[in-house]
Amino acid sequence: MVYTFEPIGFIRSPYKEKFGIPRQPGLIAEARGELVFAAPYNRPEAVIGLEGYSHVWLQFVFHQALRDEWQPMVRPPRLGGNKRVGVFASRSPFRPNPIGLSVVKLEQVRAVDGEVVLELSGIDLLDGTPVLDVKPYVGYVDSIPEARSGFAPEAPAVRFQVLFSALAKAQLLSRCEPDQLRRFITRLLEVDPRPAYSGDSQPGRIYGIRLYDFDLRWRINGDRIEVLELASPGVD
Ligand code: SAM
């Protein structure tokens, strides 16, 4: 049996590539994005009442993780990328049906001039992610404080102190909401965004992540990360 679903909307996100995105929602409150409803689902009536909820569940397609075949076991980055667990014991994007589930904060519901938008924060979604459904988060049902959480019992630990070069500080100041952006970048880097713990095998290496409209460049020095610059793409 095959079921066909159509996205009800798409995500606008600061994350322009998979590398560096937190592995779960809620870890970086400063990660703001939007769900923009697409026609014919952009009906203001369809979101009436949603403003009464602080959080929503998003079901979405891992559209940049589509594969023809699936594997019954995966290697979660959380386990260092070298230990395998069953795909259904993981939150891996690589699954038989590449559907993701994230609970995110609902900052505002906007329905003006034919545009219906949910302003969100704490997202772990790539820009352009197709969203299949939205449901309100209901605390007494969806929160289970005594739940066991397998190989991911708590949020990833902070590993690095994040410092900004003079150039990066000056570039931050030329952007809107520099303090918010600085906190966002700090939270993103301090838990080590690299795919799996890779040690300090390449000291001095410059890493980059595409965020918003810039390339964030940084390097690791012991237990510190230095943000080198917020570079304009194509400019070295
Ligand atoms: N919270 C969701 C879940 O549990 O289903 C996603 C968990 S998955 C481990 C999170 C990762 O998916 C992010 O770190 C990012 O690299 C990746 N990701 C986010 N949006 C994606 C998309 N549209 N296509 C492919 N990968 C995506």
Side-chain angles (χ1 to χ4, degrees), residues 5-38 55-71 73-106 118 120-137 142-144 147-157 159 184-185 187-198 207-212 216:
F5 299 106
E6 185 179 61
I8 50 115
F10 296 86
I11 293 290
R12 280 189 200 139
S13 162
Y15 301 118
K16 307 298 180 193
E17 58 177 303
K18 286 187 281 179
F19 175 48
I21 303 182
R23 290 173 197 127
Q24 285 304 332
L27 298 174
I28 305 183
E30 290 79 12
R32 296 186 195 155
E34 293 181 342
L35 165 58
V36 183
F37 286 86
H55 293 76
V56 289
W57 290 104
L58 302 179
Q59 285 171 301
F60 59 92
V61 179
F62 287 113
H63 73 306
Q64 284 202 9
L66 305 179
R67 289 183 175 169
D68 291 337
E69 298 195 339
W70 66 280
Q71 300 295 329
M73 299 195 81
V74 295
R75 298 170 201 264
R78 191 62 193 270
L79 293 175
N82 51 21
K83 206 172 153 198
R84 297 198 301 170
V85 301
V87 66
F88 299 123
S90 84
R91 306 284 288 252
S92 169
F94 303 105
R95 36 203 328 117
N97 294 311
I99 293 174
L101 181 67
S102 290
V103 65
V104 297
K105 186 152 188 237
L106 177 60
L118 303 187
L120 309 168
S121 65
I123 62 170
D124 60 345
L125 306 172
L126 197 57
D127 192 44
T129 295
V131 174
L132 298 175
D133 202 5
V134 178
K135 294 183 189 186
Y137 176 92
D142 295 334
S143 167
I144 306 176
R148 284 185 294 127
S149 302
F151 63 80
E154 53 202 30
R159 288 198 58 216
F184 176 38
I185 292 171
R187 295 285 296 125
L188 194 63
L189 298 183
E190 68 185 359
V191 293
D192 195 354
R194 292 175 296 170
Y197 177 63
S198 47
Y207 294 90
I209 295 179
R210 172 68 66 88
L211 289 178
Y212 296 100
L216 181 71

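All residue numbers refer to positions in the sequence shown, counting from 1. Side chains are part of it too, since the values below use all heavy atoms of this structure and drop only hydrogens, waters and symmetry mates. Since the structure is predicted, the reported quantities are computational estimates derived from the model, not experimental observations. As the structure lists them, so they are numbered: ligands from 1, and atoms in each ligand from 1.
The proximity of Pro25 to ligand 1, defined as any non-hydrogen pair under 4.0 Å, is limited to the side chain. At a heavy-atom distance under 4.0 Å, no atom of Ile99 approaches ligand 1.
Polar contact check, Leu126 against ligand 1: a nitrogen or oxygen pair lies under 3.5 Å apart. Any N or O atom pair closer than 3.5 Å counts here, and Leu125 shares no such pair with ligand 1. For ligand 1, the polar-atom distance check against Arg91 finds a nitrogen or oxygen pair separated by under 3.5 Å.
Atom 19 (C) of ligand 1 has its closest protein heavy atom at Asp124 O, 3.3 Å. Given atom 5 (O) of ligand 1, the protein heavy atom at minimum distance is Leu101 N, 2.9 Å. Protein heavy atom in closest approach to atom 27 (C) of ligand 1: Phe62 CD2, 3.7 Å. Protein heavy atom nearest atom 17 (C) of ligand 1, with residue, atom name and distance: Pro93 CG, 4.4 Å.
Atom 23 (N) of ligand 1 has its nearest heavy-atom neighbour, among His63, Glu17, Gln64, in His63. Among Thr129, Ile21, Val103, the residue whose heavy atom sits closest to atom 15 (C) of ligand 1 is Ile21. Looking at Arg23, Arg78, Lys18 and measuring to atom 7 (C) of ligand 1, the nearest heavy atom belongs to Arg23.
For Lys105, the NZ atom sits in a loose shell: 12 or fewer heavy atoms of surrounding residues, nucleotides or ligands are nearer than 6.0 Å.
Residues Tyr15 and Asp127 are not in side-chain contact: their nearest non-hydrogen atoms beyond the backbone lie 4.5 Å or more apart. Contact check for Gln71 versus Arg84: no side-chain heavy atoms found under the 4.5 Å cut-off. Two residues are said to be in side-chain contact when any heavy atoms from C-beta on lie closer than 4.5 Å; Pro76 and Val85 meet this criterion.
Looking at Arg95, its side chain never comes within 3.5 Å of a backbone N or O of Phe88 through a donor-acceptor pair. With hydrogens and angles disregarded, no donor-acceptor distance shorter than 3.5 Å links the side chain of Gln59 to the backbone of Asp133.
Nearest heavy-atom pair, Glu17 versus Leu126, reported as atom, atom and distance to 0.1 Å: C-CD1, 3.3 Å.
The distance from ligand 1 to the heavy atoms of Ala65 drops below 4.0 Å at these ligand atoms: 25 (C). If you number the atoms of ligand 1 from 1 as listed, the ones under 4.0 Å from a heavy atom of Val61 come out as 23 (N). Atom numbering of ligand 1 starts at 1 in the shown order; those under 4.0 Å from a heavy atom of Gly100 are 5 (O). Of all atoms in ligand 1, numbered sequentially from 1 with element shown, those under 4.0 Å from a heavy atom of Pro22 are 13 (C), 14 (O).
Checking Ser13, Pro14, Ser121 one by one against Arg32, the side chain to side chain contact (heavy atoms under 4.5 Å, CB included) holds for a single residue, Ser121.
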Could you walk me through whether Arg23 and Arg78 pass the side-chain contact (heavy atoms from CB on, under 4.5 Å) test, one step at a time?
-> CA-CA 9 Å; Arg23 290 173 197 127; Arg78 191 62 193 270; 5.7 Å; no
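Under a cutoff of 6.0 Å and an axis angle of 45°, Arg67 and Phe94 form a cation-pi pair.
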